[in-house]
Protein chains: 2
Amino acid sequence: MHSFTEENYLKAIYKLQEANGLVVATSSLAQVLEVHAPSVTDMLKRMAGKKLVTYQKSKGVKLTEKGRQVAVGIIRNHRLWEVFLVDKLGYKWDEVHDLAEQLEHIHSEDLTNKLDSFLGFPKADPHGDPIPDANGILPKSKAVLLSTFAEGDQGTFTGVTDHSATFLNYLDKTGFSLGDPIKVKGIEKYDQTYTLQLKGKKEVVVSFKVANSLLLSQ
Amino acid sequence: MHSFTEENYLKAIYKLQEANGLVVATSSLAQVLEVHAPSVTDMLKRMAGKKLVTYQKSKGVKLTEKGRQVAVGIIRNHRLWEVFLVDKLGYKWDEVHDLAEQLEHIHSEDLTNKLDSFLGFPKADPHGDPIPDANGILPKSKAVLLSTFAEGDQGTFTGVTDHSATFLNYLDKTGFSLGDPIKVKGIEKYDQTYTLQLKGKKEVVVSFKVANSLLLSQ
DNA sequence: TTAATAAATTAGGTTCGTCTAATTTATTTT
DNA sequence: AAAATAAATTAGACGAACCTAATTTATTAA
Ligand SMILES: [Mn+2]
Ligand SMILES: [Mn+2]
Ligand SMILES: [Mn+2]
Ligand SMILES: [Mn+2]
């Protein structure tokens, strides 16, 4: 089986590959994993030896199919455990990430699948992120940033791109809730401030930074 | 926080201390942890440095109060997760131990307590072992081995001393179930074979080895 | 009480995952 | 195209947790 460290590298490479491009740089990995660059170089060599990644000296790293399978498996675990923590144990959506970072490394496909079943085969985690199925297939989300909306546009709030507890707390406090409708009433030309109508006609004003971290569907 | 390895050492020392005596030998630890003796010596020195154990060269090791707290915390986690796996996810009692060995190392007192609450504050795990409370207090069990019973004695089946899957399977197959009444109908003088009456008048014959692994109460 | 046996420790290595400092390679800027 | 800067790698170390082989200490038997 793979070590926690390897799994965290794989997950990080997967996410950087999704977000930015095909090949991942040593420095970006060092940054997200909070280690120094030589540690990354070292680890990538070992992982290349295990055929989890293809590593080209000074050019960057990519996941192999095997590495991708492992990464998606960890993400599946992470998101299912987050659902468990929120739906069954009563945690808030801003409290579960760090616990899920531990729970995602429990090694048992059978447990993952039984948990999935116990939770009613959820399609998304508490932050709206899609949950890969047992075959490692992750549905491509067609959600789009609120910051791309024009005045009058509307949609359903289905996800966030900033997962920080402070942002999630701000959303709670301001009245945002996953699954609710949101309509753009106006966009201030000067600073791209958004005036939104939330569920129950409540109007709120949010900065561009916020609009740029909210995902809407339909 | 403590490493998984340290936690496993602490748990092993705790159990050996409970079972055998005050002081635990290097060789017994090596055996239950499945490592070689010099590794144990090494580790005990490091743990003594952290005040988790008191270690006397060539004499053996004992838990400090701090070490005992950690050990009991791990045991609490282990048993609560076993209850979760059986009660909520539908696992059988012979399938949960290895998973609990992983889950017991999730570091969060808050999670443990929320889990405890979610499970309805169970008093014992699926094998009848008592669950320490949030303060690390583990109720002293007054259960006694069936092998100490005489003809005509009866009690309630409340635990096992052999936790192996093969033994637990044997019990399932033979008709033993935790919480059921058991009455001794006869004991063969020649080889200490027990004839038992189980719930629903069912009679079964078991070896001394079996009678010596069953715990009965009242 | 000495000799034989068993248990424990020391000595010296290995792998994993990390570090700092020095060097090399790649990318920008002039 | 050369110089300056930034990114990545190499070299050399370290702690944790393990190992084998050799040695020491403790226990048991003669
Ligand atoms: Mn998360
Ligand atoms: Mn999430
Ligand atoms: Mn167990
Ligand atoms: Mn148990």
Side-chain angles (χ1 to χ4, degrees), chain A residues 1-13 16-17 19-63 66-67 70-71 74 101-102 104-105 107, chain B residues 1-13 16-17 19-63 66-67 70-71 74 101-102 104-105 107:
Chain A
M1 216 29 53
H2 309 104
S3 69
F4 289 15
T5 306
E6 279 173 343
E7 292 180 351
N8 286 333
Y9 272 79
L10 291 171
K11 199 172 45 143
I13 297 167
L16 288 167
Q17 234 174 264
N20 305 331
L22 293 158
V23 86
V24 174
T26 302
S27 52
S28 1
L29 277 171
Q31 202 200 322
V32 328
L33 293 168
E34 299 182 275
V35 296
H36 291 230
S39 311
V40 174
T41 303
D42 230 43
M43 189 68 183
L44 293 182
K45 284 181 191 166
R46 276 195 297 275
M47 288 172 71
K50 295 179 182 177
K51 308 284 183 214
L52 292 167
V53 299
T54 56
Y55 166 64
Q56 289 201 284
K57 192 155 113 177
S58 289
K59 302 210 67 180
V61 74
K62 282 195 295 188
L63 293 181
K66 185 179 166 198
V70 176
I74 303 297
E101 288 288 312
Q102 294 186 58
E104 70 188 4
H105 300 291
H107 290 128
Chain B
M1 216 30 52
H2 309 103
S3 69
F4 288 15
T5 305
E6 278 174 343
E7 293 181 350
N8 286 333
Y9 272 80
L10 290 172
K11 198 173 47 145
I13 296 166
L16 288 167
Q17 233 174 267
N20 306 331
L22 293 158
V23 87
V24 174
T26 302
S27 52
S28 359
L29 276 171
Q31 202 198 323
V32 329
L33 293 168
E34 299 182 277
V35 297
H36 291 232
S39 311
V40 174
T41 303
D42 228 41
M43 189 69 184
L44 292 182
K45 283 180 192 167
R46 275 195 298 274
M47 288 172 71
K50 296 179 181 178
K51 310 283 184 215
L52 292 167
V53 300
T54 56
Y55 166 64
Q56 290 201 284
K57 191 155 115 177
S58 290
K59 301 209 69 178
V61 74
K62 283 195 295 190
L63 294 181
K66 184 179 166 199
V70 176
I74 303 296
E101 288 287 311
Q102 295 186 58
E104 70 188 6
H105 301 291
H107 292 128

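Chain letters run A, B, ... following the sequence lines, proteins first and then strands; every chain starts at 1.
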- Query: Across the strands shown, which category fits A/Lys45 at heavy-atom distances under 4.0 angstrom: base, sugar-phosphate, nothing?
  - Reply: sugar-phosphate

- Item | B/S/- contact track for nucleotides 11-19 of chain C, protein heavy atom under 4.0 Å | -----SBBB

- Sorted by first residue and then second, give each side chain to side chain donor-acceptor pair (under 3.5 Å) pair with at least one member in residues 26-36 of chain A; sequence neighbours left out. none

- Note on the structure: Residues passing the side chain to side chain donor-acceptor pair (under 3.5 Å) test with A/Glu7, sequence neighbours excluded, are A/His105, A/His107

- With sequence neighbours excluded, what pairs up with A/Gln102 under the side chain to side chain donor-acceptor pair (under 3.5 Å) test? none

- side-chain contact (heavy atoms from CB on, under 4.5 Å) evaluation trace for A/Leu33 with A/Thr5: CA-CA 10 Å; A/Leu33 293 168; A/Thr5 306; over 6 Å; no

- Could you tell me from which nucleotide to which nucleotide of DNA chain D, 5' to 3', there is an atom under 4.0 Å from chain A heavy atoms? D/dA8 to D/dT10

- Message: Out of the candidates B/Leu52, B/Val35, B/Val32, B/Val53, only one should pair with B/Tyr9 under the side chain to side chain contact (heavy atoms under 4.5 Å, CB included) rule; please name it.
- Response: B/Val35

- Message: Please tell me if A/Lys57 has a side-chain N or O lying less than 4.0 Å from either OP1 or OP2 of C/dA26.
- Response: no

- Message: For B/Lys62, give me all partners under salt bridge (Lys or Arg N to Asp or Glu O under 4.0 Å), at least two apart in sequence or on another chain.
- Response: none

- salt bridge (Lys or Arg N to Asp or Glu O under 4.0 Å) involving B/Lys50 - partner list, sequence neighbours excluded: B/Glu6

- Query: Is there a side-chain contact (heavy atoms from CB on, under 4.5 Å) between B/Val40 and B/Val61 once you walk through the steps?
  - Reply: CA-CA 11 Å; B/Val40 174; B/Val61 74; over 6 Å; no

